[in-house]
Amino acid sequence: MAAPAGERVVYLNGKFVPESQATVSISDHGFTHGDAAFDTMRTFKGKVFKLKEHVERLYRSCKYAGIDPGISQGEMSRLTDEVVERNKHLLGPSDDFWVTQRVTRGVPSARPGEKEQPTIIILCRPLPWERAKFYQTGISMRTSPIRRTPPQYLDPRAKLQNYLNQVMAEMLAKQGDPDVWSLLLDENGNVAEGSGYNFFIVRDGRVITSHERYVLGGISRQTTMEICQELNIPAAEMDFNLYDVYTADEAFITATSVCLLPVRSVDTRTIGDGAIPGSITGRILGTWSGMVGVDIAGQYLAHIKSA
Ligand code: PMP
């Protein structure tokens, strides 16, 4: 079905439909119980970045949740590329998409013993260009009173639809200031991650991030580690706590949409000398931009200038 001019097309259970007509049953497990897995990626120059890695993570999340997508990883990747392709004409010059796949356990079967069919949704939408200002100002973070869900309850390495742990942390962080971002600790008081982003500090020239045990293994986090290796910047996963954060030389977060954003302060403590970006943070983002052939911060900033 062709979408009206200007409307995006979505993949839903075997069909490409206009977004306004992509509807899901109110009995779908994804809706009633947050019983679903998802993954989100972005494009650079209209091509999905690290599609294979994202699809592999999606399938690990599904396997952990016991949801069978019913299609191969290759088919999921092909359909994702097709969604981008079918919407490409809506991209402005030097524009890019956020792309999401969702796989829910589906609608409970009316017949006892019959297996549900999963619901598969693949969609794209504009990147959150309003975050552009944070490349210039850095972000302010606040430690959340809510801890990150520990792996013995629900493993944070799986990207599951139920985000209430992170949503509530973000709501509390933003009370009084919508520009504040949340930082969640793990059950032991070490730093875990943000509500939708991984967290790094830089100390004495060394890049440090939390162990994957307590966080989502971000694809951007992985890319950051690879860039550090390329730049001969020592980088490691380790336990660290708020003392290490408050006294760090630099801090930054990583997430698919923004790739990397410098952190200006945590709990009102300015990080390092307050330079945005710090020198290592800036080198990592610069290398990333070179790797994908897009000035990542520049592309965001161009959107606020043209708004
Ligand atoms: N942690 C959480 C809880 C997230 O939701 C995300 C965003 N998917 C990330 C970290 C960053 O992961 P990625 O770099 O793959 O976007």
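Order of listing sets the numbers, starting from 1, for every ligand and every atom in it.
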Please determine which of Leu260, Ile276, Leu261 meets the side-chain contact (heavy atoms from CB on, under 4.5 Å) test together with Thr281. Leu260
Going by side-chain heavy atoms closer than 4.5 Å, which hydrophobic residues are tied to Leu154, directly or by a chain of links? Tyr64, Leu160
If two hydrophobic side chains count as joined below 4.5 Å and joins carry through other members, does Tyr214 share a cluster with Ile208? no
Measuring from Leu185:CG to Ser144:OG, what's the distance to the nearest 0.5 Å? 7.5 Å
Are there any N/O pairs under 3.5 Å between ligand 1 and the protein, and if so, what are their distances?
| residue | atom | partner | partner atom | Å |
| --- | --- | --- | --- | --- |
| ligand 1 | 1 (N) | Glu193 | OE1 | 2.6 |
| ligand 1 | 5 (O) | Lys159 | NZ | 3.4 |
| ligand 1 | 5 (O) | Tyr163 | OH | 2.4 |
| ligand 1 | 8 (N) | Lys159 | NZ | 2.5 |
| ligand 1 | 14 (O) | Ile219 | N | 3.4 |
| ligand 1 | 14 (O) | Ser220 | N | 3.0 |
| ligand 1 | 14 (O) | Ser220 | OG | 2.5 |
| ligand 1 | 15 (O) | Arg57 | NH1 | 2.8 |
| ligand 1 | 15 (O) | Arg57 | NH2 | 3.0 |
| ligand 1 | 15 (O) | Ile219 | N | 2.8 |
| ligand 1 | 16 (O) | Thr256 | N | 2.9 |
| ligand 1 | 16 (O) | Thr256 | OG1 | 2.7 |

Main-chain N/O of Ser140 paired to Asp179 side chain as donor or acceptor, under 3.5 Å: no
Just one of Lys159, Arg157, Glu56, Gln161 clears the side-chain contact (heavy atoms from CB on, under 4.5 Å) bar with Ser61, so which one? Lys159
